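Here the structure comes first, spelled out in structure tokens, and everything after it is commentary.
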Amino acid sequence: MGAIVGAFATSHVLGAPDGVEDQAERVFQGMREIGARLRAARPDVLVVITGDHLNNFHVDEHAPFAIASDASHTPYGDMGLPRDPIPGAPDFAAGFAAFGARAGVPIPELSRVRPDHGVMIPHGVADPSRSIPTALLYVNSVLEPSPTPQACWNLGGLLKSYVEDVRPADERIALLAGGGLSHWLGVPEEGQVNVTWDQDFIETMISGRGAELARLTNEQILAEAGNGGLEVAAWITLAGAVPGAKGEKLYYEAMPSWASGMGGVALNPG
Amino acid sequence: MPGKAPAGVHALIHHLIETPQDRPLIKDDPDALFERFGIPDRVRDTLKSGGRDDLYALGVHPNLTMKWLIWSGRSTIPGFPISYYFDRR
């Protein structure tokens, strides 16, 4: 059986440092710490769990979950991010799609995905040398209806079973969820950050109570954390893959000028 | 969202996602783009000069609004060079 050897979650954007240099630096150093811990876990495969920002999915085409299974992924390059390819994990990705199908959970395989900042900021900081084979597990949070938090939690459980029941012995898997925390984008409320909600969410994650997050509704998240806050679906998926795991907050900053509450955690998969 | 986006708007923005070489037309010849995608006359001025909230009121998807405003030079969030961070990874 394989093993989940690292489980991390982080907001998946960076912003202009002007006027918020200290906060921006704490965010960046928090992301770097996540990267250092992830690399120290010596994963054979990295699974990035995140959402796409309609750079690969069309507004009229809806898939709650999907996984990119190419042998390499060439980034889309939004935000000026480097376009150097990253290695894929096609065997892992295709196997998970098949495992999901057998379990009645459609996880279609995607080809020719060009990962945007939702992948490439957390991945770019975590694996600067672009050497870890990486599967991109997409959890929709921008097209209605988004999968429920319970469905995301269940997807995480499915991922755990796949790693432990199907993957080769001694294979080491690291998980990196990207997105959130509270933010409103492209809407009149843009620039608001719900600090209380963010901190409660982080505390619930790191105290091993991720199952409580599965009982949220998307309507609650939308109201309290905004349309961008729905990206915490990736965090809930992560929590479902390491149920009961406690962890540590590595950074949190409210960043209204970036239109986002920014946070990152490490969970101990045990 | 207030309602459904006007005909052609989402298709136009998706085209520009996939065809970045056409993005300069937003400033240089927006009506050529609007004609190609059948954008109704009543929303063209809003697309040319409206802000985030105007596009929201039209029913444009927020993620597509963000892209449109960036390409139009009217982004609500300041840009920055990613190298500020990535050179120090």
Side-chain angles (χ1 to χ4, degrees), chain A residues 13-21 24-25 27-29 31-32 35-36 51-61 76-82 114 116-118 120-121 124-129 141-144 183-191 226-228 255-260, chain B residues 1-23 26 37-39 43 46-47 50-89:
Chain A
V13 76
L14 288 164
D18 309 81
V20 289
E21 287 83 358
E25 195 60 20
V27 168
F28 179 56
Q29 295 305 330
M31 288 186 180
R32 288 189 71 222
D52 179 70
H53 300 85
L54 297 181
N55 290 310
N56 291 279
F57 292 82
H58 192 281
V59 73
D60 297 323
E61 298 167 354
Y76 181 67
D78 57 323
M79 296 181 67
L81 287 157
R114 301 196 64 190
D116 66 19
H117 71 272
M120 294 315 305
I121 284 184
V125 178
D127 183 22
S129 66
S141 60
V142 298
L143 296 174
E144 296 180 1
H183 61 294
W184 286 255
L185 280 178
V187 298
E189 299 88 348
E190 187 178 282
N227 57 336
M255 301 294 277
S257 64
W258 298 6
S260 191
Chain B
M1 292 294 295
K4 189 176 178 184
V9 173
H10 284 169
L12 164 59
I13 300 175
H14 271 295
H15 168 76
L16 296 173
I17 292 168
E18 296 154 7
T19 318
Q21 60 269 31
D22 277 358
R23 291 176 196 163
I26 295 173
F37 287 89
I39 306 297
V43 303
T46 302
L47 290 173
R52 175 198 64 214
D53 296 354
D54 301 311
L55 296 175
Y56 176 78
L58 281 184
V60 180
H61 189 287
N63 282 83
L64 300 184
T65 290
M66 300 288 290
K67 300 178 198 304
W68 180 261
L69 292 176
I70 290 170
W71 300 330
S72 304
R74 308 196 302 272
S75 177
T76 54
I77 298 178
F80 67 102
I82 196 68
S83 58
Y84 175 82
Y85 300 103
F86 269 41
D87 286 355
R88 299 183 290 124
R89 288 176 286 169

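Here the structure is a predicted model, which is why all the values come from computation and not from measurement. Sequence lines set the chain letters: A, B, ... in the order given, protein chains first and strands last, and positions in each chain run from 1.
- Side-chain contact between Arg88(B) and Gln29(A) is present, with heavy atoms from C-beta onward closer than 4.5 Å.
- The residue among Leu143(A), Val142(A), Val125(A) with the most heavy atom pairs within less than 4.5 Å of chain B is Val142(A).
- Of the listed residues (Gly80(A), Ala24(A), Pro188(A)), the one with the most heavy-atom contacts under 4.5 Å to chain B is Pro188(A).
- Within the 4.5 angstrom heavy-atom criterion, only side-chain atoms of Pro82(A), from C-beta onward, approach chain B.
- Chosen from Thr65(B), Ile82(B), Ile70(B), the residue pairing most often with chain A at heavy-atom distances under 4.5 Å is Ile82(B).
- Only the side chain of Tyr84(B) comes within contact range of chain A, with heavy atoms under 4.5 Å apart.
- Classified by interplanar angle (parallel below 30°, tilted 30° to 60°, perpendicular above 60°), the ring pair His10(B)/His61(B) is perpendicular.
- Note that CH2 of Trp71(B) is 6.5 Å distant from CD1 of Ile26(B), once rounded to the nearest 0.5 Å.
- Judged by distance alone, with hydrogens and angles left aside, the side-chain atoms of Arg74(B) form a donor-acceptor pair with the main-chain N or O of Gly50(B) at under 3.5 Å.
- For Asn227(A), the part lying near chain B is the side chain, with the backbone staying farther off; criterion is any non-hydrogen pair under 4.5 Å.
- Chain B forms the most heavy-atom pairs under 4.5 Å with one residue out of Ile121(A), Asp60(A), Leu81(A), and that residue is Leu81(A).
- There is a side-chain donor-acceptor pair under 3.5 Å between Asp78(A) and His117(A).
- Proximity of Val60(B) to Ile13(B): side-chain heavy atoms (C-beta onward) are separated by under 4.5 Å at one or more points.
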